[in-house]
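One structure is given here, and the rest of the page talks about it.
In what follows, residues are counted from 1 in the order of the sequence shown.
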Amino acid sequence: MVVAGDLDAALDQGRAYVERLRADGTDARLARCPKAIHGFLSMPGLVPAARPARREMLAFLREHLHATPRS
């Protein structure tokens, strides 16, 4: 999972990375967060999008870490 703010200068690189991961067969997801800048996840008190993004990251990890292995 790649999390990027819509105002992040690295958003395009994050999008390209997810596309590359998917092309290589990895289950990858891009989470875009509105009105968020680079590094916003470390500022939950200042950037309202940080808390929902953190919850989404945890849900993604739970889903993938508890998944049954593929054969």
- Which of Arg55, Arg54, Glu56 passes side chain to side chain contact (heavy atoms under 4.5 Å, CB included) with Pro52? Answer is Arg55
- Please report the closest heavy-atom contact between Gly39 and Ser42, naming both atoms and the distance. O-OG, 2.8 Å
- Work out which heavy atom in His64 is nearest to a heavy atom in Asp27; give both atom names and the distance. NE2-OD2, 2.7 Å
- Item | Pro44 to Ala50 - nearest heavy-atom pair and separation | CA-CB, 3.5 Å
- For Arg20, what residues pass the side chain to side chain donor-acceptor pair (under 3.5 Å) criterion, not counting sequence neighbours? Asp24
- Show which residues join Phe40 in its hydrophobic cluster (side-chain heavy-atom contacts under 4.5 Å, direct or indirect), or state none. Met1, Val3, Leu7, Ile37, Leu41, Met43, Leu46, Val47, Met57, Phe60
- Smallest heavy-atom separation, Gly14 atom then Val2 atom, equals CA-CG1, 4.0 Å
- Task: Could you list the residues that satisfy salt bridge (Lys or Arg N to Asp or Glu O under 4.0 Å) with Arg51, not counting sequence neighbours?
- Result: none
- Sub-3.5 Å donor-acceptor pair from the side chain of Arg32 to the main-chain atoms of Asp6, do we have one? no
